[in-house]
Structure formats: C-alpha cells, structure tokens
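Here's the structure we're looking at; comments come further down.
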Amino acid sequence: MHGEYKVPDGKLVVIDLEVDDDGRLRDVVLSGDFFLEPDDALGVLAGALVGVPRDAHVAQLVQVLDDALRLAQEQGRIVAPVAMVGFDTRAVAVAVRRALGLSTAWSDHEFAVLHPGPMPPAVHAALDQVLTEELDAGRRGPTLRFWEWEDPAVVIGSFQSLRNEVDLDAARDLGVTVVRRVSGGGAMFMEAGNCITFSLVVPGSLVDGMSFEDSYAFLNAWVLGALADVGVQATTSGLNDIASPAGKIAGSAQKRLAGGAVLHHVTMAYDIDADKMLQVLRIGREKLSDKGTRSANKRVDPVRSQTRLPREQVIDAFLAHFRGRYRTVDDELRPAELERALHLVETKFSDPVWTARVP
C-alpha cells in the first residue's frame, strides 16, 4: 500500500506499508524530500508504526510517533535533538491514512459541478442539507454548486440569535427574506447580482485528521487561486474569512454530518448596498461603524472594484479554475433531490419555528 501527502508550503511525505492478518501495520517504509536530523530518526518513525492498528486515527498515530521519538532520545538511541523540516509527525500520520485508503486527496475524487438557474434562498439552504445528506448516504459524490437567486435575503448561521442579528421590521419593509441555514458562522446579506455564493460538499476523508481551522484553509485554497486568476491577491484570515490587502472579501462556514460528509460554503461580496445591509443587519451596524461606513451611497464591493469584471465573468473564471485544478463533470440536480429540498422549504426552512429556533 502506497500513500503520499504534500505538506502545504512544505515537503512530500511518502509511506509504503502492508497490513497483516490481524489488521496491524507491517513492513513500513517512510520516505520523501523532507529534511530530518539525525538520520536515525527515520528508522524510529517507521519502526514506531509497525504493529499499530490499521484503523488508528490521525491523532493516535501522531501520539505513537511523538512517543517513539521521545523514548528514543531518553534511551540514547537518538543522541541529537530531532529536527523535522518541511514535515511533522502529523504529515506522516496523514500519509499512513492515505496509504490505507482512509484519507483521500483532491485527485482521488471527481466533482460534480452544478450551476442551476435562480431559486429562492430558502431552496438553496435546503439543497445544502439535501446534497450533504446524499453524499453521506453514498448516493452522490463530491459536489460544487453555485447559487443564483432573485430575492434579497439574510441567511443567518444555525446558532445565531434571530433578534440580535436581524432587524425584522426593516427586513419586512425592504422585502428581505430571512433564512436560517444548517451551518454555523455569521449572517450573510445577499442581493441578486451582488454576491457570489457557492457550496462545496466533500467526504470527511478529504479533511481527515485536520483541525477545523486547517480544513477551512484547505478547502478555500482553490478559491485563493481563482481570485488570483482575476487579479485579486487574497489570503485566509482568521478561522473562516478570505481577505485581500483592501479588506475582507468573503466568509465561509461548515457543517459536518455524523457519517463524515462535510458542507463548506462561501459567500463573497461582489457589490453590496451597505446602506441596506446596515438597515437589516443589527450586528452589521456595529461592525461597519468602526470602518466609517455611514454614507447611504456607500457600497461594499471588493470583488467588483478589484477585478473590474462583471459578476458572471468572475464566476466563469472560478469555474474554469476549479475545472483546471480537479477532475470534474458537469451535472444537474436530480428530481428527487429538488423534490426533497422543496419539501424541506415547506417543513423547515420557511417555518418560523426553525428560523427563530434561537430567538
């Protein structure tokens, strides 16, 4: 069995191994283009993995490797301090899991690309749940889906307080729909044509062993590449934001199911009416007041102003980047998926009980 893991901004770690009849690792060989001192540490790391159960999680493997290095130093089998450059014990653990088929890389998957026509925001929120559950049940593979909609909306995080986040009177007067999504994170003010929103549904094996913070950066890495293609130099910021030198561009959020499926979605400000957003979002008033955004004519437009491109052209560039980076197939929503989403809109996402589940 052969597994490889390229450390982000680091080196390649390669594991070759076998599994015995009792389900334990044997004949483990560790290699790669990393730097490791002293040389004897290579044998200690590989030897530590022999006899470990094949279903050991990343954290367990890391503990085994760290304990082995510490014990080797205590016993004098390694006489110099261990220096691991370009990799660490977690990288070795991920390579082991990949060799066993328990951890996967982007290249192991084919991604369905969905870009349906405009639908109400509540339907999009329902589709996030449906497509994640479909992957969790093994009925659909990894999927990238871009949103299109016509009605303005505020989409709040699963755990946010409705009354603390949204001025419901202002939302009603301005015709803004309020929808609660299944993922955590903050509120999104979304106008048709003024946001770029997409959802990515992937198996848990793709982010196997990663912390939540690492998984956000990992799943947003292609977005940074797509932004670079349209002239925006962006980086991850904090836990779940994407920012350029001009400020925040996008926020992302996740939901993970018990079976391992991961929903990861991103909303990017293309050209937002800041005055309307401040009327509807209570928290937004506080956040933007610190930035001096008080004018009724002020707009939040980092993608439009930095790219000078129409929204449709930016989305096309994002799709082209994703297709050029990963294996994809153009797909459509299945009738049963859309039918279930519409049912969830009626029974959950347009139900005041769900919307106000945190009053």
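Contact of the Val262 side chain with the Lys255 side chain is not registered, since no non-hydrogen atoms from C-beta on lie closer than 4.5 Å. Side-chain contact between Leu135 and Pro203: present, with at least one pair of heavy atoms (C-beta onward) separated by less than 4.5 Å. A 4.5 Å side-chain heavy-atom check between Val182 and Leu263 finds at least one atom pair inside the cut-off. Between Phe349 and Arg180, every side-chain heavy-atom pair lies at or beyond the 4.5 Å cut-off. Side chains of Asp128 and Trp147 form a contact here, defined as non-hydrogen atoms less than 4.5 Å apart. Contact annotation: the side chain of Leu168 never approaches that of Arg172 to less than 4.5 Å [non-hydrogen atoms, C-beta and beyond]. Met268 places a side-chain heavy atom less than 4.5 Å from the side chain of Leu227. Side-chain atoms of Asp27 and Leu17, non-hydrogen and from C-beta on, never get closer than 4.5 Å to each other.
The backbone N or O of Ala170 sits less than 3.5 Å from a side-chain atom of Asp167, completing a donor-acceptor pair. Panel note: side chain Thr307, backbone Ser305; no donor-acceptor pair is recorded below 3.5 Å. No side-chain donor-acceptor contact under 3.5 Å links Asp331 to the backbone of Leu114.
Under a cut-off of 6.0 angstrom, the local environment of CD in Glu339 is sparse, with at most 12 non-hydrogen atoms contributed by other residues, nucleotides or ligands. For NE2 of His2, the number of neighbouring non-hydrogen atoms (other residues, nucleotides, ligands) closer than 6.0 Å is greater than 12.
Ser350 pairs with exactly one of Thr355, Val178, Val123, Val345 by the side-chain contact (heavy atoms from CB on, under 4.5 Å) rule, that one being Val345.
Taken to the nearest 0.5 Å, the CD1 atom of Ile272 stands 11.0 Å off from the CZ atom of Arg304. Between the CG atom in Leu206 and the CG atom in Leu219 there is a gap of 6.0 Å [rounded to 0.5 Å]. A distance of 9.0 Å separates CZ in Phe111 from CG in Leu144, rounded to the nearest 0.5 Å. With rounding to the nearest 0.5 Å, the separation of CE in Met119 from CG in Leu342 is 9.0 Å.
A single hydrophobic cluster is not seen to contain both Leu61 and Met210; linkage of ILVMFWY side chains at heavy-atom distances under 4.5 Å, directly or through other members, places them apart. Taken together through direct or relayed side-chain contacts under 4.5 Å among Ile, Leu, Val, Met, Phe, Trp and Tyr, Ile196 and Ile249 form part of one hydrophobic cluster. Taken together through direct or relayed side-chain contacts under 4.5 Å among Ile, Leu, Val, Met, Phe, Trp and Tyr, Val44 and Val13 form part of one hydrophobic cluster.
Sequence neighbours left out, the pairs with a member in residues 249-275 that pass ring pair (Phe, Tyr, Trp, His ring centres under 6.0 Å) are Tyr216-His264. Residue pairs meeting the side chain to side chain donor-acceptor pair (under 3.5 Å) criterion with at least one member in residues 92-115, sequence neighbours excluded: Arg97-Asp208, Thr104-His109, Thr104-Ser205, His115-Glu148.
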Going through the checks in order, is the side-chain contact (heavy atoms from CB on, under 4.5 Å) test met by Leu45 and Met84?
CA-CA 11 Å; Leu45 290 169; Met84 304 174 72; 4.2 Å; yes
Begin with the C-alpha distance, continue with both residues' side-chain angles, and end with the deciding distance and a verdict on side-chain contact (heavy atoms from CB on, under 4.5 Å) for Ile15 and Val96.
CA-CA 6 Å; Ile15 288 286; Val96 169; 3.9 Å; yes
Candidate pair Leu344 and Gln129, rule side-chain contact (heavy atoms from CB on, under 4.5 Å), full reasoning
CA-CA 9 Å; Leu344 283 172; Gln129 177 176 332; 3.8 Å; yes
Would Gln279 and Leu174 count as a side-chain contact (heavy atoms from CB on, under 4.5 Å) if you check the C-alpha gap in whole Å, the side-chain angles of each, and the deciding distance to 0.1 Å?
CA-CA 9 Å; Gln279 292 181 63; Leu174 293 169; 3.9 Å; yes
For residues 30-42, which side-chain donor-acceptor pairs fall under 3.5 Å, sequence neighbours excluded?
from	atom 1	to	atom 2	distance (Å)
Asp33	OD1	Leu12	N	2.7

Show me, pair by pair, the donor-acceptor contacts under 3.5 angstrom made by side chains of residues 62-70, not counting sequence neighbours?
from	atom 1	to	atom 2	distance (Å)
Gln63	NE2	Asp67	OD1	2.8
Gln63	NE2	Asp67	OD2	3.3
Asp66	OD1	Thr89	OG1	3.0
Asp67	OD1	Arg70	NH1	3.1
Asp67	OD1	Arg70	NH2	3.0

When the side chains of residues 152-160 are checked against the rest of the protein, which donor-acceptor pairs come out under 3.5 Å, sequence neighbours left out?
from	atom 1	to	atom 2	distance (Å)
Ser158	OG	Arg357	NH2	2.7
Gln160	OE1	Gly157	N	2.8
Gln160	OE1	Ala187	N	3.1
Gln160	NE2	Glu165	OE1	3.3
Gln160	NE2	Glu165	OE2	3.0

Distance-only criterion, 3.5 Å: show the donor-acceptor pairs between side-chain atoms of residues 230-243 and protein atoms not counting sequence neighbours.
from	atom 1	to	atom 2	distance (Å)
Asn240	ND2	Ser252	O	2.7
Asp241	OD1	Lys248	NZ	3.4

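Outside the 6.0 Å centre-distance limit, the rings of Phe318 and Phe322 are not counted as a close aromatic pair.
Remark: Arg54 engages no residue in a salt bridge (Lys or Arg N to Asp or Glu O under 4.0 Å) (not counting sequence neighbours). With sequence neighbours excluded, the residues satisfying side-chain hydrogen bond (donor to acceptor under 3.5 Å, both in side chains) with His124 are Arg145. In this structure Arg327 satisfies the side-chain hydrogen bond (donor to acceptor under 3.5 Å, both in side chains) test with no other residue, sequence neighbours excluded. Residues satisfying the ring-ring contact (aromatic ring centres under 6.0 Å, His included) criterion with Phe198, sequence neighbours excluded, are Phe146, Trp222. Under the rule for a salt bridge (Lys or Arg N to Asp or Glu O under 4.0 Å), the partners of Glu337 that lie at least two apart in sequence or sit in another chain are Arg140, Arg334. In this structure, the salt bridge (Lys or Arg N to Asp or Glu O under 4.0 Å) partners of Arg323, at least two apart in sequence or on a different chain, are Asp330.
Ion pairing between a basic and an acidic side chain is recognised when a charged N comes within 4.0 Å of a carboxylate O; Glu133 and Arg340 show such pairing.
Between Ser215 and Arg256, the side chains place a donor N or O and an acceptor N or O closer than 3.5 Å (distance only, hydrogens not considered).
Minimum heavy-atom separation, Arg24 to Gly51: NH1-O, 2.7 Å.
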